[in-house]
Colleague: 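Got a structure for you, questions after.
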Amino acid sequence: MKGSITIISSLMVLVLLKWIVNKTCCSIGAKKVKIECTQFREYCNAGNAEGCIRTFQQVKQELATLKRKLETYFEIARQACT
C-alpha cells in the first residue's frame with residue numbers, strides 16, 4: 001500500500017512538472033525580461049537618462065520575479081526525481 005501511494009505521489013508530481021514545462025515559455029517571465037532589456041537599450045541609445053533608470057529598475061524587478069519562478073520550477077523538478 002505504501003509503495004502505491006509513493007508511485008501515485010510521484011506521478012502527480014510528474015504531471016504537475018509536465019504542466020509547468022508546457023506553460024513555462026508563456027508564463028515564467030523570460031519574455032518580459034527580454035522586452036524590458038530591449039526598452040532599456042533603446043532609452044540608453046537615445047540618451048534618455050530618466051528612461052534608462054526607470055527601465056533598469058523594471059529589468060531588476062522582472063529578473064527577481066523570473067529567478068523566483070525558476071527556483072520554484074527547479075525545486076519541483078528535484079522533488080520529481082527523488
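Numbers here are sequence positions counted from 1. Remember, predicted model here, so these are calculated numbers, not experimental data.
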Colleague: Suppose we screen for side chain to side chain donor-acceptor pair (under 3.5 Å). Which residues come up paired with Glu75, at least two apart in sequence or across chains?
Modeller: Arg78, Gln79

Colleague: Measuring from Lys69:NZ to Glu71:CD, what's the distance to the nearest 0.5 Å?
Modeller: 13.0 Å

Colleague: Does some side-chain heavy atom of Leu63 sit less than 4.5 Å from a side-chain heavy atom of Lys60?
Modeller: no

Colleague: What pairs of residues pass the salt bridge (Lys or Arg N to Asp or Glu O under 4.0 Å) test when at least one of them lies in residues 46-59, not counting sequence neighbours?
Modeller: Glu50-Arg54

Colleague: Indicate if Val33 and Tyr43 have the same hydrophobic cluster label, given that clusters are the connected sets of ILVMFWY residues with side-chain heavy-atom separations under 4.5 angstrom.
Modeller: no

Colleague: Nearest 0.5 Å, what's the CD-SG distance between Gln39 and Cys52?
Modeller: 9.5 Å

Colleague: Out of curiosity, Phe40 CZ to Ile53 CD1, how far, rounded to the nearest 0.5 Å?
Modeller: 9.5 Å

Colleague: Checking Glu36 now: which residues fulfil side chain to side chain contact (heavy atoms under 4.5 Å, CB included) with it, not counting sequence neighbours?
Modeller: Thr55, Gln58, Val59, Glu62

